[in-house]
Amino acid sequence: MTHPTRLKAIAAASLLAFCMSAHAEKYPSRAVNIIVPFSPGGVTDVMARLVANKLQDDLGATVVVVNKPGAGTTIATNYVSKSAPDGYNILMAASSFTIGPSLYKEKAGYDPEKNFKPVSLLATVPHLLVVNPQLPVTDVTSLVKNMQSGDQVRANFGSSGPGTSNHLEGELFASMAGLNLNHIPFKGSVPALTAIAGNDVSFMFVDIAAAKPFLDSNKVKPIAITTSKRSALWPQLPTVEESGLKNFHATPWLGFVVPAGTPDSVIATLNKSLAKMRNDPQVGERFAAMGIEPVFNSATEFHQFMRSDRVKWEDVISRAKISAAD
């Protein structure tokens with residue numbers, strides 16, 4: 001039989017070991033990786049590096065950006081979903097995160113809600129509705145009338161590829177306006193904008209950063225913005241709804257998610273650190289230069305936002321019969 005004094009000593013030693021272990025494993029105790037599902041140099045990558053630097057300063061741990069592009073962002077997404085749920089691999093998710101399962105079905109390999117936990121919506125990415133400057137339209141109402149002319153060239157809209165945000169926005173626009181339009185996919189926003197400038201297609205939805213060189217040279221003309229309210233980045237530009245299409249709004253986004261099972265305490269630590277960036281003038285200035293608007297909200301708010309966004313685009317994909325092979 002073990003002596004009571006010895007039992008107390010063992011218990012005390014165990015408690016001490018547990019406390020020391022808990023202290024040693026205080027998050028973060030090693031490098032944190034931000035996994036970006038796009039190639040280096042794009043808006044998402046640049047934003048991730050800015051946020052990484054700010055997190056590193058606040059958390060006191062190295063924060064590294066790792067690019068894993070390909071397969072419509074599913075390579076990076078599945079990599080993070082299969083990572084240890086400890087907060088050391090964070091996915092920089094974009095709108096494609098909630099769109100992917102509807103687009104790729106089982107080939108997506110993940111479920112946004114079952115395999116992940118939200119951390120924070122970092123930013124929204126307003127899209128512009130742009131047309132060729134020679135097109136005789138000034139707003140959404142006149143664009144819709146022009147699309148109804150029966151001219152097949154006029155009834156074309158461009159996108160940066162099948163299943164992308166601007167493709168789905170075009171399909172949503174066509175559905176809500178009662179138009180029968182032809183989707184013309186390109187390999188990226190620049191080729192699509194070039195086609196708009198060349199009057200080969202009528203319009204497209206596109207992020208401000210990609211459109212800027214074409215806007216500055218007057219090769220394309222903005223007539224509306226996709227957000228539900230006017231953007232601080234372009235306050236003089238009406239929303240699509242204001243410009244003629246009631247209840248239309250689309251808000252591409254970027255945010256942080258982590259594997260399901262990640263402790264709430266880790267998510268709270270990350271969210272608290274990210275929230276400090278909400279009013280950081282450097283962050284605001286850099287984001288504005290990239291055409292994006294900072295948000296940095298709570299994990300609960302981000303979860304609600306993602307759920308609503310997923311349902312919305314599931315409906316568009318289903319109605320337009322869009323698949324990854326389109």
Side-chain angles (χ1 to χ4, degrees), residues 32-59 63-67 69 73 76 90-98 118-130 160 164-166 169 188-190 193 205-216 222 224-237 239-240 249-257 270-299 301-302 305-306 309:
V32 175
N33 298 314
I34 297 176
I35 311 300
V36 176
F38 303 102
S39 299
V43 170
T44 306
D45 176 69
V46 172
M47 175 182 159
R49 293 178 191 280
L50 173 62
V51 172
N53 287 336
K54 294 288 182 178
L55 275 178
Q56 185 165 277
D57 291 343
D58 190 66
L59 295 175
V63 180
V64 181
V65 172
V66 180
N67 300 89
T73 73
I90 303 168
L91 177 68
M92 171 68 94
S95 301
S96 53
F97 176 72
T98 48
V119 176
S120 176
L121 174 62
L122 306 183
T124 55
V125 188
H127 277 190
L128 303 176
L129 172 52
V130 300
S160 57
T164 56
S165 293
N166 48 24
E169 288 160 5
S189 294
V190 171
L193 286 161
F205 293 92
V206 64
D207 63 275
I208 296 172
K212 192 175 187 308
F214 291 83
L215 296 168
D216 290 345
I225 198 160
T226 61
T227 44
S228 57
K229 297 178 181 179
R230 292 198 184 199
S231 171
L233 303 174
W234 210 302
Q236 74 275 24
L237 195 64
T239 65
V240 173
H249 59 87
T251 309
W253 54 270
L254 296 165
F256 274 176
V257 297
L270 286 169
N271 191 279
K272 182 179 179 181
S273 187
L274 290 166
K276 295 176 183 178
M277 301 180 205
R278 190 181 298 126
N279 299 312
D280 186 314
Q282 184 187 25
V283 171
E285 186 177 314
R286 292 285 302 279
F287 276 28
M290 292 185 285
I292 57 182
E293 298 183 334
V295 180
F296 299 107
N297 62 5
S298 71
E301 290 169 326
F302 185 27
F305 175 90
M306 280 197 297
D309 200 57

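Note that these values count all heavy atoms, side chains included, but never hydrogens, waters or copies made by symmetry.
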Practice task
Could you pull out all residues at least two apart from S160 that satisfy side-chain contact (heavy atoms from CB on, under 4.5 Å)?
Solution key: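 Once residues adjacent in sequence are excluded, the partners of S160 under the side-chain contact (heavy atoms from CB on, under 4.5 Å) criterion are T164, N166, S189.
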Are [X] and [Y] packed together at the side-chain level, in the sense that at least one heavy-atom pair is separated by less than 4.5 angstrom?
X	Y	answer
F302	V257	yes
F205	L128	no
V130	V206	yes

Kindly give the heavy-atom pair with the smallest separation between [X] and [Y], and that separation in Å.
X	Y	value
P222	W234	CG-CZ2, 3.9 Å
I225	P126	CD1-CB, 3.7 Å
I292	M47	CD1-SD, 3.6 Å
A76	I35	CB-CG2, 3.9 Å
A48	V36	CB-CG2, 3.6 Å
F214	V190	CZ-O, 3.9 Å

Nearest 0.5 Å please: distance from the [atom1] atom of [X] over to the [atom2] atom of [Y].
X	Y	atom1	atom2	value
R49	M92	CZ	CE	10.5 Å
D45	L50	CG	CG	11.5 Å
F97	T73	CZ	OG1	9.0 Å
L129	L237	CG	CG	8.5 Å
S120	M277	OG	CE	9.0 Å
D309	T251	CG	OG1	7.5 Å

Practice task
Apply side-chain contact (heavy atoms from CB on, under 4.5 Å) to the pair L270 and L59, showing each step before the final yes or no.
Solution key: CA-CA 8 Å; L270 286 169; L59 295 175; 4.2 Å; yes
Test item: [X] side-chain N/O and [Y] main-chain N/O as donor-acceptor pair under 3.5 Å:
X	Y	answer
D280	Q282	yes
D58	K54	no
T239	T226	no
T98	S95	yes
E293	A232	yes

Exercise for the section: Determine, for D216 against K212, whether the closest basic-nitrogen to carboxylate-oxygen distance falls under 4.0 angstrom. Expected result: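 Looking at K212 together with D216, the answer is yes, because their closest N to O distance falls below 4.0 Å.
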Practice task
Apply the side-chain contact (heavy atoms from CB on, under 4.5 Å) test between L274 and each candidate in V295, L121, L55; give the one that qualifies.
Solution key: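 Testing L274 for a side-chain contact (heavy atoms from CB on, under 4.5 Å) against V295, L121, L55 leaves exactly one candidate, L55.
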Practice task
Please indicate whether Q236 has more than 12 foreign heavy atoms, meaning atoms of other residues, nucleotides or ligands, lying under 6.0 Å from its CD.
Solution key: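 Yes.
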Exercise for the section: Return yes when atom NZ of K229 has more than 12 non-hydrogen atoms of other residues, nucleotides or ligands closer than 6.0 Å, and no otherwise. Expected result: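 Not more than 12 within 6.0 Å, no.
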